[in-house]
Structures are given as structure tokens and as C-alpha cells.
2 protein chains.
Amino acid sequence: MQLELSVDRSSPVPLYFQLSQQLEAAIEHGTLTPGSLLGNEIELAARLGLSRPTVRQAIQSLVDKGLLVRRRGVGTQVVHSQVKRPLELSSLYDDLEAAGQRPATEVLVNTVVPASAEVAAALGVAEDSEVHRVERLRLAHGEPMAHLCNFLPPGLIDLDTGQLQATGLYRLMRAGGITLHSARQSIGARAATPEEAERLSEAPGAPLLTMQRVTFDDTGRAVEYGTHTYRPTRYSFEFQLLVRT
Amino acid sequence: MQLELSVDRSSPVPLYFQLSQQLEAAIEHGTLTPGSLLGNEIELAARLGLSRPTVRQAIQSLVDKGLLVRRRGVGTQVVHSQVKRPLELSSLYDDLEAAGQRPATEVLVNTVVPASAEVAAALGVAEDSEVHRVERLRLAHGEPMAHLCNFLPPGLIDLDTGQLQATGLYRLMRAGGITLHSARQSIGARAATPEEAERLSEAPGAPLLTMQRVTFDDTGRAVEYGTHTYRPTRYSFEFQLLVRT
DNA sequence: TCAATCCGTATGTCCGGACAATCTGACTAC
DNA sequence: GTAGTCAGATTGTCCGGACATACGGATTGA
């Protein structure tokens with residue numbers, strides 16, 4: 001069976017991208033079965049009327065995503081796996097929404113405060129300079145799921161409480177023209193203090209999952225620092241890692 | 001100031017790789033300061049006697065690593081950041097060793113057992129078929145730090161208890177010719193059961209950090225399934241994420 | 001029968017060029 | 001003075017080709 005592939009040269013979408021998307025869809029859809037060979041690049045290029053570098057670029061992007069494996073002298077084949085999606089810099093809100101959990105947000109605090117030493121260090125601003133402080137309770141199905149405390153440098157975006165309740169922080173930042181690039185995360189656990197327990201409807205001393213994160217944009221600026229606590233009975237971090245080669 | 005770059009055409013090391021390594025070293029070393037422009041690709045190629053695609057390939061690999069940012073019409077610049085290294089598929093043993101913690105391992109169990117439904121599903125083998133089971137206690141500075149329970153499909157590598165005590169499982173697998181490729185992880189927290197507490201010198205009910213992981217090799221085969229528990233006072237997961245674009 | 005060698009095949013690396021898209025900054029027109 | 005326009009610079013995309021390198025199987029030799 002031959003895979004149906006075609007490219008539209010009149011489209012502004014790059015040819016290699018058109019191809020990689022079609023291949024990815026075919027893999028996702030099961031048309032390209034795990035372990036099957038993709039056919040050699042030269043012939044594939046000829047069939048599509050493309051050059052080999054263009055085809056290689058398309059294939060390479062899928063190799064980077066972990067969907068394909070190249071073997072010199074053998075060919076390119078579809079990875080076997082239950083592999084889904086590699087770890088992205090995800091937002092809790094999007095994660096919940098994707099899981100069909102109907103997330104809701106209760107904004108507890110939305111104000112401007114002087115930066116503590118810890119916050120100043122994380123965001124790379126002067127101590128006691130003004131930063132935004134946002135504290136939110138994230139609910140799913142009406143049940144509290146996480147307590148989110150975030151700090152943002154001033155002048156980045158305007159934090160409207162209404163918008164914060166309707167969507168996630170990352171989405172607001174992206175909409176504000178910020179290109180998220182990387183983040184430094186730390187995930188741990190500890191026992192809930194009485195206040196934390198109260199907020200999350202847990203018993204004092206119950207285990208909590210904690211996450212701290214500093215997010216950087218594409219210029220390397222810190223754009224957000226957050227301290228989150230999650231109810232481990234309701235949430236865990238799930239992700240797919242790829243080996244850097 | 002001009003950056004000193006050169007390539008050795010007689011070396012078997014690919015030219016683009018030589019270049020990317022030199023650039024990475026310059027960034028690491030601070031010779032290329034954050035925010036500085038890299039100079040345009042054409043001129044850089046001419047200076048090195050390389051073609052533009054080769055230079056682009058070198059630059060692209062650093063962009064993928066998050067060290068550089070390209071801007072059309074502007075140029076390529078070094079990212080500002082406190083960015084260190086993106087998340088790798090790391091082994092606890094290597095992590096501890098890199099942190100100077102002198103890890104030690106106590107092998108509690110090293111045997112072959114029939115696969116439970118959970119293990120069979122994770123490894124993609126038949127239920128009740130034989131799998132290796134390894135249970136270890138990981139110590140740092142003589143203090144218990146984590147309890148590691150792993151399952152491996154049969155015939156992959158031979159698990160020598162002595163070797164398991166001297167090094168980490170991932171290192172053994174790599175040494176056994178297995179190319180680790182990706183892993184699916186889940187990180188959560190829960191209260192310690194009396195047995196877990198005993199093993200890790202914690203109080204019953206104390207919070208524990210838990211991690212489950214299925215690791216795949218480059219053909220998509222599952223090569224390891226593990227259930228780990230960590231003492232959150234001694235260990236947390238730290239990593240750097242890059243946004244997939 | 002088994003091992004070493006050869007060869008076809010496919011990817012890996014590299015070249016030189018062409019044109020398009022986009023950003024910045026300066027110039028111009030209102 | 002402000003906004004729109006234009007030009008230069010730089011990366012993005014794409015082409016067609018060349019040779020190197022590694023894998024696997026078939027052939028050959030012991």
C-alpha cells in the first residue's frame with residue numbers, strides 16, 4: 001500500500017512542514033504502522049516532486065519529536081511505542097482542559113508587592129522592587145486541586161482578575177506577545193501546614209505535591225516565578241521525556 | 001573582538017559538529033556573552049571556509065538546545081539566561097554522583113518473577129511471563145534516600161548484583177548496548193505506609209515523593225518499568241524544560 | 001557448516017546557489 | 001510631529017548534486 005502524500009506549492013506553509021504534518025497524521029492515525037519503513041528519501045522526494053533536503057527536513061523534525069528513527073543503511077522507520085507527546089512546558093489549566101476536567105479558577109490575590117529576596121533572585125529584579133503577585137485556587141469539578149502563587153515582573157502584561165479566572169496564566173502571557181521558551185522546575189513533596197490544608201480541603205499533615213518554577217522567554221528574561229501546591233490524590237505530573245542526543 | 005573558530009577537515013568529526021561544539025564552549029565559557037549577536041551566517045561561513053548549510057546546521061543544533069535564538073532580519077543571538085541544561089532522561093545514580101553525594105546502593109532483591117498485570121502492561125509482555133525484578137535502596141552519605149523497584153524484560157542484559165551495587169541501572173543498560181530513547185514518567189506524592197517508612201527511616205504517614213517510569217529504547221521497546229519512592233526531605237526533581245516549537 | 005568478504009542500499013555530510021519573508025532603521029509625505 | 005514607505009540586512013526555504021559511511025544480506029572461502 002502506498003501512502004497518499006501531496007504538497008501544495010501555492011500554500012504559504014513550508015513544504016517540509018506540510019510533509020511532516022502529513023506523516024505525523026499518518027502515524028497518529030495508524031496508516032503508518034509502528035516498525036514500518038518509510039521508504040528511502042530519494043524516491044520519496046521524487047514521488048512528491050521535492051528535493052531530498054526538503055524531505056530530510058520533514059523527516060528530521062519527526063525524528064526530533066521521537067516519532068521516527070533513522071538507521072543508516074536500513075531506512076527510516078516508525079517508532080514502536082506507546083509514545084505520546086514529549087514533555088512540554090504546559091500549563092495546569094490547559095492540562096486540565098485537555099483532560100476534560102472543566103477547570104475553574106478562584107483568584108485569591110491580585111496585587112503588587114515589593115519583591116522578597118527569594119522572588120527577586122528568581123526573577124532577576126532588585127529586591128523590594130515592585131512585582132505582581134497573583135494567588136489562585138485551581139478547581140476541577142468544583143473540588144480544589146491546587147494552590148498557585150505566582151510572581152511576575154512589572155510591565156509585562158496587565159493582569160486582569162476577570163481574565164485570570166477565565167483562563168490560565170500562560171495563555172495570558174502568550175496572548176500578551178510573550179514567547180515562552182524554557183523553565184526551571186523543581187518538584188517535591190511535604191506535609192501540609194494547617195493553612196494549606198484548609199485551603200485545599202485536606203487534613204493537616206497530609207502529603208502535598210509541590211512545584212516551583214521560573215519561566216523564561218526567548219530572550220532569557222525571567223517572566224514568571226511560581227510556587228504551587230497540589231493535592232496528590234487529585235493530581236500528578238505525567239510526562240514523556242526524550243533523550244538528548 | 002573576533003571569536004576564534006576553526007575546523008579540521010581531516011577529522012572524522014563532522015564539520016557542523018565541530019563548529020557547534022566550539023560555539024557551545026564559547027557560550028559556556030562566557031566568550032560569547034548573552035545577548036550578543038553571532039554575526040551573519042554567510043559571513044561566518046566564508047570566514048571558516050564552510051558552506052552556509054553547514055553553518056546553519058551547527059547553529060540549529062544550538063538553537064534546539066536552547067542556547068541561541070534566531071530572529072529573521074536581525075540575526076542570531078545568545079540567550080540571556082541562567083539556562084543550564086534541559087531535562088535529560090537521567091539516572092538517580094548519575095544525578096547524585098554529579099552532585100558529589102557519593103551514592104551507594106543496597107540490592108534488596110534481584111530475581112525473576114512472573115509479570116503481574118501492571119508490569120506486563122507497562123513492559124508490553126504477556127502476563128505471568130518471566131521478568132527480572134530488582135529492588136534497591138539508594139543511599140547518600142549513608143542515609144537512605146530512595147527505594148527503587150524495577151522490572152526488566154528477560155534476555156535484555158544480565159543483572160549482576162555486584163554491578164548493581166557499584167553503579168546505576170541506566171549505566172548498565174547503556175553498557176549492554178541498549179540505546180535509551182524516551183521514557184514516560186509520572187511523579188506524585190502519598191503518605192508512607194509502615195513498611196515504606198521503616199525502609200526509608202521515616203515516620204509512618206510521612207509524605208513520600210513517588211515516581212513511576214517506563215523507559216523505551218530507540219526501537220520503541222519498553223526496556224524498564226520502575227516504581228520509586230523518595231524521601232522528599234532528601235530529594236526533589238529538578239529540571240529545565242524547553243518549549244517545543 | 002561456519003566465518004570472512006563484498007556489494008547494494010540507505011542515510012550522513014557537505015556544497016553553492018537562488019529567492020522569499022521579515023525585521024530594523026531611515027527617509028519621506030502628510 | 002506623526003505615520004507610512006522604502007531599502008538594507010539577515011534568516012527561512014528550497015533546489016540539485018556529490019561523496020562518505022554504515023548496515024544487511026549474499027557470496028565466497030576455509
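Each chain gets a letter, A, B and so on, in the order its sequence line appears, and its residues count up from 1.
Both B:Gly49 and A:Ile42 lie near DNA chain C, and the one whose nearest nucleotide falls closer to the 5' end is A:Ile42. Both B:Arg71 and A:Arg9 lie near DNA chain D, and the one whose nearest nucleotide falls closer to the 5' end is B:Arg71. Place A:Pro14 and A:Val74 on DNA chain D by their nearest nucleotides, and A:Pro14 ends up nearer the 5' end.
One interatomic measurement links the two molecules: CD of A:Gln57 to C1' of C:dT11, which rounds to 16 Å at whole-angstrom precision. To the nearest angstrom, P of C:dG12 lies 11 Å from CG of A:Leu68. Spacing between atom CG of A:Leu37 and atom P of D:dG25 amounts to 12 Å, rounded to whole angstrom units. Between the OH atom of A:Tyr16 and the C1' atom of C:dA20 there is a distance of 14 Å, given to the nearest Å. Following rounding to the nearest Å, B:Leu48 (CG) and C:dC14 (P) show an atom-to-atom distance of 12 Å. Atom CD of B:Glu41 is separated from atom C1' of C:dT22 by 14 Å (rounded to the nearest Å). Taking atom CZ of residue B:Arg52 and atom P of nucleotide D:dG12, one finds them 8 Å apart after rounding to whole Å. Put simply, CG on B:Leu44 is 12 Å from P on C:dC15, counting in whole angstrom units.
Of the listed nucleotides (C:dC14, D:dG12, D:dC14), D:dG12 has the atom at the smallest distance from the side chain of B:Arg56. When each of C:dT22, C:dG16, D:dC14 is scored by its nearest atom to the side-chain atoms of B:Arg72, the top-ranked nucleotide is C:dT22. Among C:dA10, D:dT11, D:dT13, the nucleotide with an atom closest to any side-chain atom of A:Asn40 is C:dA10. With C:dT11, D:dG16, C:dC15 as the choices, the nucleotide that has an atom nearest any side-chain atom of A:Ser51 turns out to be D:dG16. The side chain of A:Leu50 has D:dC15 as its nearest neighbour among D:dC15, D:dG12, C:dT13.
Closest non-hydrogen pair, B:His181 versus A:Gly66, comes out as CE1-O, 3.8 Å.
No side-chain donor-acceptor contact under 3.5 Å links B:Tyr16 and B:Gln60. B:Thr179 and B:Asp217 share no donor-acceptor pair across their side chains, judged by distance under 3.5 Å alone.
Put simply, the residue from B:Val69, B:Ile59, B:Leu62 that forms a side-chain contact (heavy atoms from CB on, under 4.5 Å) with B:Leu38 is B:Ile59.
B:Thr76 has a side-chain polar atom (N or O) that falls below the 4.0 Å cut-off from OP1 or OP2 of D:dT11. Taking 4.0 angstrom as the limit, B:Thr54 places none of its side-chain polar atoms (N or O) nearer than this to OP1 or OP2 of C:dT13.
In the displayed structure, B:Phe237 atom CZ is contacted under 6.0 Å by more than 12 heavy atoms of other residues, nucleotides or ligands.
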